[in-house]
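Atoms within a ligand are numbered from 1 in the order they appear, just like the ligands themselves.
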Amino acid sequence: MADMKNSELIFIPSPGIGHLVSALEFAKRIIDHDSRISFTVLCIKFPFTSFSDSYIKSVLASQPRIRLIDLPEVDPPSRELLKSPEYYIYLFMESLLPHVKSTIQNILHMADSNPVVGLVLDFFCMSMVDVGNELGLPSYLFLTTNAGFFGTVLSLQKRQIDDVFSDSGPDLLIPGFSSLVPRGVLPNPLFSKDGGYLAFYKLAQKFTETKGIIVNSFSELEQYAFDDILKDEKIPPVYSVGPVIELKGQPNPNLDQAQHDKIMKWLEDQPPSSVVFLCFGSMGSLSPSQTRELAKGLKNSGVRFLWAMRSPPTKDNADRTLTEGFLESTQDKGMICGWAPQIEVLAHKSIAGFVSHCGWNSILESLWFGVPILTWPIYAEQQLNAFRMVREFGLAVELRLDYRTDGDLVLADEIERGIAQLMDKDSEVHKKVQEMKEKARKAVFSSGSSFASTGRLIEDIIRKNSC
Ligand code: UDP
């Protein structure tokens, strides 16, 4: 390894919890890997995410080599622009650029700082590559999602700025995919004329200005995607460093100790491999009529369940929210909760299946614990993830691949059939998920592919800095 004194990376994660948790966990892994590296995390105050603050602080309390600097608060874009949340975030990040620049300049002049060797940027922070360029600092993209998503956004580089996708037309050839991609599984913003497409188009232009793409995935899962993407010579080195998962789980203001204990006690009381866990991510919720269909399907399946809802019903409105008599008729079989300790739940021996929105963290966590998924994508790039898990990897059971909240309901019958298939322990999917579980774990331990890739990343950062 090249000679290196203490070095510092400046990390700018997105404040969304799904991004933040893996970003900080990744920083911890780098530090564990090489004791000479430290991090300064620039903390973004986003209008709707007060929670991120307390989370970062709790992580930092035990990490002397991760320092936090708050970026100044800026006026958020007009609420009208929320028609495309991605565009809104994009504009918000653009408005931060002068502050990011002056904050980094201050760090560069701080007497007690280690030499800064680069910026590590979340996908939504890609515009900040310009700041890195101006200050002569190399930028790295830290992608909290996967190589398939990267290939999809990368393909925008070959399109026009106003060439918003239409939902009808032939399936698409996209770098990183071994089969043609139906338009119905593309991420929402690609269809958005309200700035969503434009935002992704602009972010994609920055990919090739980075010095490396760090992906929270592992080559055993996405070998084809990594190889295919790298056929494009303009793509900087790609480092697969995952699964990067916070195995301790995250504290959450919506989950107190008593509720946590109640959930875990309930799981303890269930027979091994008997429970299906339903959870739709940090933001996923279903319409009232869809919630009722799900309740009906779940009840008819007869399977034990733990159902995490963002707004769980109260005793008074449960009959309306779920279906009449649902709570009474399922009281011996099921539990409904708010925020779930998902990591601990998936690790529990009573869990045999996971009805999931297919957020990337949830997918990695399910593979890590060998719990197969029934696919119910809702927002972001989840349809794309569901499509790949089912069609490309054979690692999930298909419920829907192209579900959208404004589309057709998933009916109780489909749900009942899906859950029955999910809980079939002799299925090919279960077998493959168990195999992938072993590969996921091997990847991150010493001599595994992601461990090696993390080492390569550190070496490349050092080499770039010393030449
Ligand atoms: N999560 C949790 N309890 C919940 C909902 C979510 O612990 O009730 C965690 C989950 O374990 C995962 C993260 O929140 O680490 C959600 O990330 P993901 O990428 O799956 O979805 P997102 O919330 O970003 O859509």
Side-chain angles (χ1 to χ4, degrees), residues 13-26 28 46 48-49 51-52 54-56 58-59 85-86 89 122-124 142-146 148-149 187-189 215-217 242-257 259-260 262-264 266-267 275-286 305-312 335-348 351 354-369 371 373-386 388-389 396 403-405 440:
S14 270
I17 190 69
H19 291 243
L20 199 56
V21 173
S22 50
L24 292 182
E25 182 60 23
F26 172 66
K28 286 196 262 168
F46 193 62
F48 313 110
T49 53
F51 162 56
S52 47
S54 57
Y55 178 73
I56 295 191
S58 75
V59 170
E86 292 78 10
I89 299 173
D122 183 83
F123 170 67
F124 283 111
F142 177 68
L143 201 58
T144 51
T145 177
N146 52 74
F149 174 78
N188 262 340
V215 190
N216 185 8
S217 183
V244 176
I245 300 173
E246 164 56 284
L247 286 171
K248 284 205 286 308
Q250 312 136 31
N252 189 284
N254 299 317
L255 178 69
D256 60 26
Q257 193 62 39
Q259 182 61 13
H260 167 275
K262 192 169 154 204
I263 295 170
M264 297 316 291
W266 184 83
L267 286 176
V275 178
V276 61
F277 173 50
L278 302 99
C279 186
F280 302 95
S282 55
M283 294 181 290
S285 49
L286 303 169
F305 64 85
L306 174 64
W307 183 357
M309 294 169 97
R310 292 293 61 98
S311 315
M335 180 172 185
I336 290 181
C337 64
W339 188 266
Q342 182 166 303
I343 292 278
E344 284 172 79
V345 170
L346 290 171
H348 199 275
I351 299 291
F354 181 16
V355 179
S356 170
H357 76 316
C358 299
W360 189 243
N361 291 302
S362 293
I363 287 180
L364 290 177
E365 291 162 13
S366 80
L367 293 175
W368 186 264
F369 294 109
V371 181
I373 280 178
L374 181 67
T375 57
W376 194 324
I378 302 183
Y379 52 94
E381 87 297 4
Q382 294 148 14
Q383 289 81 8
L384 210 54
N385 296 344
R388 299 180 73 224
M389 286 292 281
Y403 179 82
R404 313 263 164 185
T405 37

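Against a heavy-atom cut-off of under 4.0 Å, Arg310 is close to the following atoms of ligand 1: 4 (C), 5 (C), 8 (O). Taking a cut-off of under 4.0 Å to the non-hydrogen atoms of Gly359, the atoms of ligand 1 that pass are 18 (P), 19 (O), 20 (O), 21 (O). Listed by atom number, the atoms of ligand 1 under 4.0 Å from Tyr379 heavy atoms are 22 (P), 23 (O), 25 (O).
Of the protein's non-hydrogen atoms, the one nearest atom 6 (C) of ligand 1 is Trp339 CH2, 3.5 Å. If you check which protein heavy atom lies closest to atom 24 (O) of ligand 1, you get Gly18 CA, 3.9 Å. Among protein heavy atoms, the minimum distance from atom 23 (O) of ligand 1 is reached at Ser282 OG, 2.4 Å. If you check which protein heavy atom lies closest to atom 19 (O) of ligand 1, you get Asn361 ND2, 2.9 Å. Considering only non-hydrogen protein atoms, atom 20 (O) of ligand 1 sits nearest to Ser362 OG, 2.6 Å. Residue, atom and distance of the protein heavy atom nearest to atom 12 (C) of ligand 1 are Glu365 OE2, 3.4 Å.
Annotation: side chain of Phe277 is not in contact with side chain of Val371 (no heavy-atom distance under 4.5 Å). His357 has its side chain out of reach of Met283: every pair of non-hydrogen atoms, C-beta onward, lies at least 4.5 Å apart.
With hydrogens and angles disregarded, no donor-acceptor distance shorter than 3.5 Å links the side chain of Gln259 to the backbone of Asp256.
Contacts between Cys279 and ligand 1 below 4.0 angstrom, taking non-hydrogen atoms only, involve the side chain exclusively. Contacts with ligand 1 closer than 4.0 Å are made by backbone heavy atoms (N, CA, C, O) of Trp360 only, the side chain lying farther away. When non-hydrogen atoms are compared, ligand 1 lies under 4.0 Å from neither the backbone nor the side chain of Glu246. The proximity of Gln382 to ligand 1, defined as any non-hydrogen pair under 4.0 Å, is limited to the side chain.
Atom-to-atom distance recorded for Trp360:CH2 and Thr145:OG1 is 6.5 Å, nearest 0.5 angstrom. Note that the CZ atom of Arg388 and the SG atom of Cys358 stand 12.0 Å from one another [nearest 0.5 Å]. Between Ile263 atom CD1 and Leu306 atom CG the span is 6.0 Å, to the nearest 0.5 Å.
Residue Ala340 places at least one N or O, backbone or side chain, under 3.5 Å from an N or O of ligand 1.
The residue among His357, Met283, Glu381 with a heavy atom at the shortest distance from atom 21 (O) of ligand 1 is His357.
Between Trp376 and Tyr403, the two ring planes are perpendicular [angle over 60°; tilted spans 30° to 60°].
Among Leu143, Leu364, Ile245, the one residue that satisfies the side chain to side chain contact (heavy atoms under 4.5 Å, CB included) test with Asn216 is Leu364.
Summarising the geometry of Pro13 relative to Ala23, their closest heavy-atom pair is CB-CB, 3.7 Å, with the distance given to 0.1 Å.
By the 4.0 Å heavy-atom criterion, His19 is excluded from the residues contacting ligand 1. Contact between Ala380 and ligand 1 is absent, with no heavy atom of the residue lying under 4.0 Å from the ligand.
Between Phe369 and Phe354, the distance from one ring center to the other does not fall under 6.0 angstrom.
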**Study point:** Evaluation steps, side chain to side chain contact (heavy atoms under 4.5 Å, CB included), between Ser14 and Phe46
**Key:** CA-CA 9 Å; Ser14 270; Phe46 193 62; over 6 Å; no
